Engineer: 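Can you read through this structure? Questions will come right after.
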Amino acid sequence: MAKPTIPQGTRDFGPEVVRKRTYILHTIKTVFELYGFQPLETPAMENLDTLMGKYGEEGDKLIFKILNNGLDNPEKEKQVREEFEKVLQGKNTKGITERALKYDLTIPFARFVAMNHQQLHFPFKRYQVQPVWRADRPQKGRYREFYQCDADVVGSQSLLNEVELASIYHEVFTRLGLNGYELRINSRNILAALAEICGGADKLTDITVAIDKLDKIGLEKVKEELVQRGLNSSQVSIIEEYLGIRGSNPEILSGLSKLIDNSKTGKKGIDELSYLSSQLASGQLHLVIDPTLARGLNYYTGIIFEAKAPAGVKMGSIGGGGRYDDLTGLFGVPNIPGVGISFGVDRIYDVLEELQLFPADVHVGTQLLFFNLGEAESKKAFELLQQLRQRGIRGELYHEVAKFDKQFKYAEKKHIPFIVIVGEKELATQTCTIKELATGRQQSVSFTDLKHHNF
RNA sequence: GUGGUUGUAGCUCAGCUGGUUAGAGCAUCAGAUUGUGGUUCUGAGGGUCGCCGGUUCGAACCCGGUCAGCCACCCCA
């Protein structure tokens with residue numbers, strides 16, 4: 001029998017890891033709820049039609065397709081072979097595959113809203129935490145199965161939603177102890193205005209894709225890429241001037257005004273950014289207006305967000321999002337605008353690990369362990385244990401009579417903070433001995449008092 | 001999808017220019033220790049050297065293929 005394996009790019013999560021991940025996810029969900037967001041879950045698989053063409057050409061290639069059943073039916077052999085020929089030419093065909101694993105949470109959400117918009121009360125605020133799948137080649141921080149953690153508001157144009165979402169980022173990162181995080185914002189309208197000035201709205205995608213790489217490849221390479229993408233030298237120098245806008249938020253706003261204020265779209269973008277920064281200026285939010293922030297996704301139309309790990313941690317974005325004006329339009333229901341954010345759970349995990357920000361008690365599952373020291377002893381211990389469980393205290397009785405040494409080690413391995421000894425002496429005196437492992441402190445408590453004892 | 005790199009015990013790794021029975025530390029189990037863990041000491045178990053094939057008298061080592069991990073690119077979370 002060959003050793004079992006798991007599919008490429010997938011992971012098992014052991015108890016210790018699950019506890020840490022749960023801590024992160026619980027924190028995020030709690031904050032979502034605090035802001036009035038409601039939970040939603042959608043199926044692991046969607047109809048292929050729902051997903052295809054929504055993520056661009058590259059995205060389509062990375063969708064995990066599910067093979068239809070019954071392809072081996074001899075009666076259909078000829079038809080199946082013909083259909084498969086089409087697959088070899090790069091076309092998708094319902095004869096071979098008509099379902100796929102979901103690629104993100106946004107498109108399934110849009111599909112859900114399009115299907116149910118008559119029943120929903122707007123604005124509809126939902127959060128969703130589920131795995132998604134991509135047929136990408138795995139590498140550092142990238143997996144074929146990973147969790148996304150999204151919150152979106154649909155059915156409202158109000159910028160107050162952006163304010164709320166920015167506050168959610170702040171609240172979550174603060175609760176996780178990531179005080180040095182940075183929330184960068186920009187507006188797609190600013191970028192659109194820049195494209196206008198550079199002589200063509202059709203250049204928007206080329207410009208955003210190139211600018212998005214600034215952090216990684218530097219100014220010179222970005223300029224090269226812009227030229228490659230068909231921009232002339234005067235257009236490139238306008239973009240260079242734009243990328244050179246730096247300083248405090250007010251300074252950046254005035255810099256932007258000088259460059260693009262006579263564009264109507266540009267003015268709208270500046271208004272959005274100044275509204276957001278003024279609304280949030282009073283708090284401790286680390287809000288930074290960043291003209292170089294672009295984000296690859298094409299469907300964004302207004303404010304865009306990107307959350308960065310504290311400086312010094314070699315980790316880029318730990319969250320992102322933005323406003324889209326017409327997501328459900330793809331599914332035949334126009335005019336439902338929305339704005340959403342996403343948390344990168346795996347990356348946040350790595351950052352918390354690196355900065356040692358997981359709480360010390362994150363591993364504590366079982367709170368106390370009763371030692372098993374004989375038949376009569378364990379019978380009494382079990383009775384006491386059941387009383388404590390009634391109170392909601394998580395406890396265990398060691399599964400068999402064993403030496404102290406073994407039972408201690410079991411408690412240590414499971415990070416159980418307290419052990420309770422009920423042995424011959426304790427039975428005689430109707431008391432038990434409670435020991436706190438971390439400190440070695442020990443105390444004697446009567447069987448009747450144990451019920452109310454605080455651990 | 002393209003390219004690079006690694007694969008030896010549960011884990012981290014050593015293993016000389018190819019040479020007889022493949023090693024260490026940690027972990028596990030047992031004992032020192034029959035009511036007090038973390039330390040120490042003693043001993044034991046555990047490997048088809050990722051898998052398949054080739055070269056050779058002889059392969060963990062060389063060659064080809066394959067699978068998996070890691071890294072970079074494309075793209076993205």
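From a predicted model like this one, the values you see are computed outputs, not experimental measurements. Naming: A, B, ... by sequence-line order, numbering from 1 per chain.
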Engineer: In whole Å, what separates the P atom of B:C62 from that of B:U5?
Structural biologist: 13 Å
Engineer: Checking all strands, does A:Ile421 fall into the base, sugar-phosphate, or nothing category for heavy-atom contacts under 4.0 angstrom?
Structural biologist: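 Touches a base.
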Engineer: Base, sugar-phosphate, or nothing: which does A:Gly9 touch, judged by heavy atoms less than 4.0 Å apart?
Structural biologist: sugar-phosphate
Engineer: May I ask which nucleotide in the shown strands pairs with B:C62, Watson-Crick or G-U wobble, both distances under 3.5 Å?
Structural biologist: B:G54
Engineer: When you check the side-chain N and O atoms of A:Asp152 and A:Tyr127, is any donor under 3.5 Å from an acceptor?
Structural biologist: no
Engineer: Calculate the interatomic distance between A:Asp405 atom CG and B:G38 atom P; express it in whole Å.
Structural biologist: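 So the two atoms are 6 Å apart, to the nearest Å.
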Engineer: Side chain to side chain donor-acceptor pair (under 3.5 Å) with A:Lys94: which of A:Asp49, A:Asn47, A:Asn68?
Structural biologist: A:Asp49
Engineer: Compare the aromatic ring of A:Phe404 with the six-membered base ring of B:G37 and state whether they stack according to the 5.5 Å and 30° rule.
Structural biologist: no
Engineer: With sugar-phosphate meaning primed atoms plus P, OP1 and OP2, does A:Gly344 contact a base, only sugar-phosphate, or nothing at under 4.0 Å between heavy atoms?
Structural biologist: nothing
Engineer: Could you tell me whether A:Leu437 contacts a base, only the sugar-phosphate backbone, or nothing, with contacts defined as non-hydrogen atoms closer than 4.0 Å?
Structural biologist: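 Result for A:Leu437 = base.
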Engineer: Heavy atoms from C-beta onward define the side chain here; which of B:C73, B:U36, B:G69 lies closest to that of A:Gln139?
Structural biologist: B:C73
Engineer: Taking the minimum atom-to-atom distance to the side chain of A:Lys435, which one of B:A77, B:A68, B:U36 wins?
Structural biologist: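 Of all the options, the side chain of A:Lys435 is nearest to B:U36.
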Engineer: Just call it for A:Arg134: base, sugar-phosphate, or nothing, with non-hydrogen atoms closer than 4.0 Å on any strand.
Structural biologist: base
Engineer: Tell me whether the OP1 or OP2 atom of B:A27 has a side-chain N or O from A:Lys413 closer than 4.0 Å.
Structural biologist: no
Engineer: Are any of the side-chain heavy atoms of A:Asp104 and A:Gln148 separated by less than 4.5 Å?
Structural biologist: yes
Engineer: Has the side chain of A:Arg142 got a donor or acceptor atom sitting under 3.5 Å from an opposite partner on the base of B:C71?
Structural biologist: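 Donor-acceptor pair under 3.5 Å: no.
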Engineer: Please tell me whether A:Thr265 and A:Glu196 have a donor and an acceptor in their side chains that are separated by less than 3.5 angstrom.
Structural biologist: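 Side chains of A:Thr265 and A:Glu196: pair found under 3.5 Å.
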Engineer: Using purine N1 to pyrimidine N3 plus N6-O4 or O6-N4 for Watson-Crick, or N1-O2 and O6-N3 for G-U wobble, each under 3.5 Å, what pairs with B:C73?
Structural biologist: B:G1
Engineer: Taking only the P atom of each, what is the distance from B:U39 to B:U28 in whole angstrom?
Structural biologist: 10 Å
Engineer: Applying a 4.0 Å non-hydrogen cut-off, can you work out what A:Lys61 is touching in the nucleic acid: base, sugar-phosphate, or nothing?
Structural biologist: nothing
Engineer: Using a 4.0 Å heavy-atom cut-off across all strands, classify A:Gly440 as base, sugar-phosphate, or nothing.
Structural biologist: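 A:Gly440: base contact, heavy atoms under 4.0 Å.
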Engineer: Quick check: any donor-acceptor pair below 3.5 Å linking the side-chain of A:Gln442 to the base of B:U36?
Structural biologist: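 Per atom types, the contact qualifies.
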Engineer: For A:Ile318 and A:Phe408, find the nucleotide of RNA chain B closest to each by heavy atoms; which residue's nucleotide sits nearer the 5' end?
Structural biologist: A:Phe408
Engineer: Taking the side chain as C-beta and beyond, is there a heavy-atom pair between A:Ser167 and A:Leu280 under 4.5 Å?
Structural biologist: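 Heavy-atom side-chain distance check passes, below 4.5 Å.
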Engineer: Taking the same atom, P, in B:U6 and in B:G65, what whole-Å distance lies between them?
Structural biologist: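 After rounding to an integer number of Å, I get 15 Å for this pair.
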Engineer: Has the side chain of A:Glu412 got a donor or acceptor atom sitting under 3.5 Å from an opposite partner on the base of B:G37?
Structural biologist: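 Result: at least one qualifying N/O pair found.
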Engineer: So A:Glu306, base contact, sugar-phosphate only, or nothing? Heavy-atom distance under 4.0 Å.
Structural biologist: nothing
Engineer: Between B:C63 and B:A27, how far apart are the two C1' atoms, rounded to whole Å?
Structural biologist: 37 Å
Engineer: Counting only Watson-Crick or G-U wobble pairs whose two distances fall under 3.5 Å, which nucleotide matches B:U42?
Structural biologist: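 Base-paired to B:A30.
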Engineer: With a non-hydrogen cut-off below 4.0 angstrom, is A:Lys425 in contact with a base, only sugar-phosphate, or nothing?
Structural biologist: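 It contacts base atoms.
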Engineer: Taking NZ, NE, NH1 and NH2 as the nitrogens, is one of them in A:Glu16 or A:Arg19 under 4.0 Å from a carboxylate oxygen of the other?
Structural biologist: no
Engineer: Is the charged tip of A:Arg134 near the ring of A:Phe64: under 6.0 Å from the six-membered ring centre and within 45° of its axis?
Structural biologist: no
Engineer: Would you say A:Gln8 reaches B:C67's phosphate, i.e. side-chain N/O to OP1/OP2 under 4.0 Å?
Structural biologist: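 Checking A:Gln8 against B:C67: no side-chain N or O falls below 4.0 Å of OP1 or OP2.
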Engineer: Heavy atoms under 4.0 Å, any strand shown: does A:Glu424 hit a base, just sugar-phosphate, or nothing?
Structural biologist: base
Engineer: Using the side-chain heavy atoms of A:Lys403, tell me which of these nucleotides is nearest: B:U33, B:G69, B:C75.
Structural biologist: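 Among the listed nucleotides, the one closest to the side chain of A:Lys403 is B:U33.
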Engineer: Do the side chain of A:Glu426 and the base of B:G35 come within less than 3.5 angstrom through a donor-acceptor pair of N or O atoms?
Structural biologist: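 It does, because a donor-acceptor pair links the side chain of A:Glu426 to the base of B:G35 below 3.5 Å.
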Engineer: Would you kindly give the CG-to-P distance between A:Asp212 and B:C74, to the nearest whole Å?
Structural biologist: 12 Å
Engineer: Contact class for A:Tyr143 vs. all strands (heavy atom < 4.0 Å): base, sugar-phosphate, or nothing?
Structural biologist: base
Engineer: What is the separation between atom CD on A:Glu436 and atom C1' on B:G38, rounded to the nearest whole Å?
Structural biologist: 15 Å
